[in-house]
Participant: 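Got a structure for you, questions after.
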Amino acid sequence: MAKLIFGCGYLGLRVARLWVNQGETVYAVTRSAERAGTLATEGIRPVVWDLLSGQTTPFPQGIRTVLFAVGYERGAGRPIHEVYAGGVSRALEWLPGSVERFIYISSTGVYGNATGQEVDEDTPCEPTREGGVASLAAENRLLASQFGSPSIVLRLAGIYGPGRIPRAADLLAGKPIDAPARGWLNLIHVEDAARIVLLAEERAPLPRTYVVSDGQPVVRAEYYAELAKLLGAPPPQFVDPPVGSPAAQRAASDKRLNPRRMLEELKPSLLYPSYLEGLRAIVERQA
């Protein structure tokens, strides 16, 4: 059963590698001929096409599962709503009815801000930031389409992993963190996130939505204190971000994700059960 990936980047590439290692045929859409060559060296079959161009391209044969894991590139010059909701709409127009699974990588930003409350799949979605609004719009377009019934929505917590540890450089430089020391962080290691995509394809009843995190929320001060210790950096200092800034908007999100449905139905065996194991492995690998 061939696979097709939109957004073969930090997460999508890891999912592709897992599928390729299982002997699956994997296609990936990319706008770049150079990127296409890189994907080909990984055993991935590139489809060179700009999803948002308005043009079309032949659809690969035999596709049964589609993963939409497109990230937002701020320097690309396109509004985030166009990339997320517009991208999903364009993909849905292109896909044939033979597709049996459409997995959409969404964000827990769809829930909006909170004041420390627990959040799960039944929590009302009231996004306040642009990214959360765009992600929810994309979810709704998918669910209202002909592929709504075979859809799986994965609302991911903050992804971290090799090459992606936010604020590590700031800590090493002794630069203050522009966020309150209080407040909850919810995380998932990228390798675990990739494995959960495969489990969702295999085990999820359709349609289904999952909150995806390691289930171990951590207070911001504790997280950065542990990261500083691992890096050999000075203890973290915190300052309030400027009112109305992107940092202030991010800091306003204070929720504790409960991934009980994911744990009970998909039964993942997490490689990194919390940020402690995940950060240690990353730092040790970089040493």
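This chain uses plain numbering: 1 for the first residue, then up along the sequence.
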Participant: Does a side-chain N-to-carboxylate-O contact under 4.0 Å join E42 and R17?
Facilitator: yes

Participant: Would you give the length of the straight line joining atom CG of D170 to atom NZ of K175, rounded to the nearest 0.5 angstrom?
Facilitator: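 Between D170 CG and K175 NZ, I get 4.5 Å after rounding to 0.5 Å.
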
Participant: Is there a side chain to side chain contact (heavy atoms under 4.5 Å, CB included) between W94 and T57? Walk through the geometry before answering.
Facilitator: CA-CA 9 Å; W94 187 50; T57 192; 3.5 Å; yes

Participant: Please confirm whether the backbone N or O of S274 pairs with a side-chain atom of E277, one donor and one acceptor, at under 3.5 Å?
Facilitator: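 Yes; at least one donor-acceptor contact below 3.5 Å.
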
Participant: Does R261 use its side chain to pair, donor to acceptor, with the backbone of Y210 at less than 3.5 Å?
Facilitator: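 A pair under 3.5 Å: no.
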
Participant: For R285 and Y272, which heavy atoms make the closest approach, and how far apart are they?
Facilitator: NH2-OH, 3.7 Å

Participant: Hydrophobic clusters here meaning ILVMFWY residues chained together by side-chain heavy-atom distances under 4.5 Å, can you tell me if L185 and I165 are in one?
Facilitator: yes

Participant: Is the backbone N or O of K255 less than 3.5 Å from a side-chain atom of N186, with the two atoms forming a donor-acceptor pair by type?
Facilitator: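 Here the side-chain-to-backbone pair exists.
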
Participant: Ignoring hydrogens and angles, state whether a donor on the side chain of E126 or T128 is under 3.5 Å from an acceptor on the partner side chain.
Facilitator: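 No, no side-chain donor-acceptor contact under 3.5 Å.
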
Participant: Any idea which heavy atoms bring A36 and V48 closest together, and the distance?
Facilitator: CB-CG2, 3.7 Å

Participant: Taking the ring centre of each residue, are Y275 and Y160 less than 6.0 Å apart?
Facilitator: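 Between Y275 and Y160, the centre distance exceeds or equals 6.0 Å.
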
Participant: Is there a path of hydrophobic side-chain contacts, each under 4.5 Å between heavy atoms, that joins I80 and L11?
Facilitator: no

Participant: Surrounding CZ of R203 (heavy atoms of other residues, nucleotides or ligands, distance under 6.0 Å), is the total greater than 12?
Facilitator: yes

Participant: Please confirm whether the backbone N or O of N113 pairs with a side-chain atom of R129, one donor and one acceptor, at under 3.5 Å?
Facilitator: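 Such a contact is absent between R129 side chain and N113 backbone.
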
Participant: Side-chain heavy atoms nearer than 4.5 Å, only ILVMFWY residues, links allowed to pass through others: does that put L51 and V47 together?
Facilitator: yes

Participant: Is there side-chain contact between F68 and V88, with at least one heavy-atom pair below 4.5 Å?
Facilitator: yes

Participant: Determine whether I188 and L227 fall in the same hydrophobic cluster, where Ile, Leu, Val, Met, Phe, Trp and Tyr are linked whenever their side-chain heavy atoms lie under 4.5 Å apart.
Facilitator: no

Participant: Return the minimal non-hydrogen interatomic distance between I44 and A28, and the atom names on each side.
Facilitator: CG2-CB, 3.7 Å

Participant: I'd like to check P268 versus M262 (side-chain heavy atoms, cut-off strictly below 4.5 Å). Are they in contact?
Facilitator: yes

Participant: Between R256 (side chain) and P217 (backbone), is there a donor-acceptor pair under 3.5 Å?
Facilitator: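 No: the side chain of R256 does not pair with the backbone of P217.
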
Participant: Using a 4.5 Å cut-off on heavy atoms from C-beta on, say whether the side chain of T108 contacts that of L257.
Facilitator: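 The answer is yes, as the side chains (C-beta and beyond) meet within the 4.5 Å cut-off.
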
Participant: So for atom CD, which belongs to Q22, do other residues, nucleotides or ligands contribute more than 12 heavy atoms lying within a distance under 6.0 Å?
Facilitator: yes

Participant: Keeping the roles fixed (side chain from R195, backbone from S269), state whether a donor-acceptor pair exists under 3.5 Å.
Facilitator: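 Yes.
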
Participant: Hey, is the main chain of P58 close enough, under 3.5 Å, to the side chain of W49 for a donor-acceptor pair?
Facilitator: no

Participant: Decide yes or no on side chain to side chain contact (heavy atoms under 4.5 Å, CB included) for V110 and R155, but give the supporting numbers first.
Facilitator: CA-CA 8 Å; V110 299; R155 293 172 176 166; 3.6 Å; yes

Participant: Could you go step by step and tell me if W19 and L67 meet the side chain to side chain contact (heavy atoms under 4.5 Å, CB included) rule?
Facilitator: CA-CA 12 Å; W19 274 330; L67 171 65; 4.3 Å; yes

Participant: Rounded to the nearest 0.5 Å, how far does OG1 of T30 lie from CD1 of I5?
Facilitator: 12.0 Å

Participant: For atom CD of E130, decide whether the heavy atoms of other residues, nucleotides or ligands shown that lie under 6.0 angstrom number more than 12.
Facilitator: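 No - once you tally the heavy atoms of other residues, nucleotides and ligands closer than 6.0 Å, there are 12 at most.
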
Participant: Taking R14 first and then D192, would you say they form a salt bridge - that is, a charged N and a carboxylate O separated by under 4.0 Å?
Facilitator: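 Judged by the 4.0 Å cut-off on N to carboxylate O distance, R14 and D192 do not form a salt bridge.
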
Participant: Which is it for H189 and L271 under the side chain to side chain contact (heavy atoms under 4.5 Å, CB included) test, yes or no, and what are the steps along the way?
Facilitator: CA-CA 8 Å; H189 193 285; L271 299 172; over 6 Å; no

Participant: Is the number of heavy atoms from other residues, nucleotides or ligands within 6.0 Å of CD (E93) greater than 12?
Facilitator: yes

Participant: Assign the ring pair F102 / F147 to parallel, tilted or perpendicular, where the plane angle (0 to 90°) is split at 30° and 60°.
Facilitator: tilted

Participant: Relative to the ring of Y72, is the ring of Y84 parallel (under 30°), tilted (30 to 60°) or perpendicular (over 60°)?
Facilitator: perpendicular

Participant: Does the side chain of E222 reach to within under 4.5 Å of the side chain of L276, using non-hydrogen atoms?
Facilitator: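 A side-chain contact is absent here, since even the closest heavy-atom pair is not under 4.5 Å.
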
Participant: For R31, is there an ion pair with E73 - N to carboxylate O distance below 4.0 angstrom?
Facilitator: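 Yes, E73 and R31 are salt-bridged.
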
Participant: So, the side chain of S135 versus the backbone of G132: is there a donor-acceptor pair under 3.5 Å, distance only?
Facilitator: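 Not confirmed, S135 side chain does not pair with G132 backbone.
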
Participant: Does NZ or CZ of R220 lie under 6.0 Å from the centre of the six-membered ring of F238, at an angle within 45° of the ring axis?
Facilitator: no

Participant: Taking the side chain as C-beta and beyond, is there a heavy-atom pair between V211 and N258 under 4.5 Å?
Facilitator: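 Of all side-chain heavy-atom pairs linking N258 with V211, none is under 4.5 Å.
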
Participant: Above 12 or not: heavy atoms from other molecules or residues under 6.0 Å from CD of Q237?
Facilitator: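 At most 12 heavy atoms, drawn from other residues, nucleotides or ligands, come within 6.0 Å of this atom.
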
Participant: Check whether any side-chain heavy atom of L154 lies under 4.5 Å from a side-chain heavy atom of Y104, and answer yes or no.
Facilitator: no

Participant: Run the salt bridge (charged side-chain N to carboxylate O under 4.0 Å, His left out) test against R280 and tell me which residues pass, sequence neighbours left out.
Facilitator: E226

Participant: Decide yes or no for L4 and L95: does some side-chain heavy atom of the first lie under 4.5 Å from some side-chain heavy atom of the second?
Facilitator: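 Yes, at least one pair of side-chain atoms sits under 4.5 Å.
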
Participant: What is the minimum heavy-atom distance between G9 and R35, and which atoms define it?
Facilitator: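 Distance-wise, the nearest heavy atoms are CA-NH2, 4.2 Å.
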
Participant: For residues R208 and E265, determine if any side-chain heavy atom of one lies less than 4.5 Å from a side-chain heavy atom of the other.
Facilitator: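 Result yes, sub-4.5 Å side-chain heavy-atom pair found.
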
Participant: Search all heavy atoms of Y27 against all heavy atoms of A2 and return the closest pair with its distance.
Facilitator: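 For Y27 versus A2, the nearest heavy atoms are CE1-CB, 4.3 Å.
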
Participant: Treating D178 as the side-chain partner and V239 as the backbone partner, does any N or O pair qualify as donor plus acceptor under 3.5 Å?
Facilitator: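 Pair absent, no side-chain N/O of D178 close to backbone of V239.
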
Participant: Drop me the distance from S213's OG to I196's CD1, to the nearest 0.5 angstrom.
Facilitator: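 S213 atom OG to I196 atom CD1 measures 8.5 Å (nearest 0.5 Å).
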
Participant: Side chain to side chain contact (heavy atoms under 4.5 Å, CB included) with C8: which of V26, T38, L13?
Facilitator: L13

Participant: Which pairs pass salt bridge (charged side-chain N to carboxylate O under 4.0 Å, His left out) with one or both residues in residues 54-68, sequence neighbours excluded?
Facilitator: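 Salt bridge (charged side-chain N to carboxylate O under 4.0 Å, His left out) check on residues 54-68 returns R64-E100.
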
Participant: Are L187 and L263 connected, step by step, through hydrophobic side chains (Ile, Leu, Val, Met, Phe, Trp, Tyr) whose heavy atoms are closer than 4.5 Å?
Facilitator: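 Unlinked, L187 and L263 end up in two clusters.
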
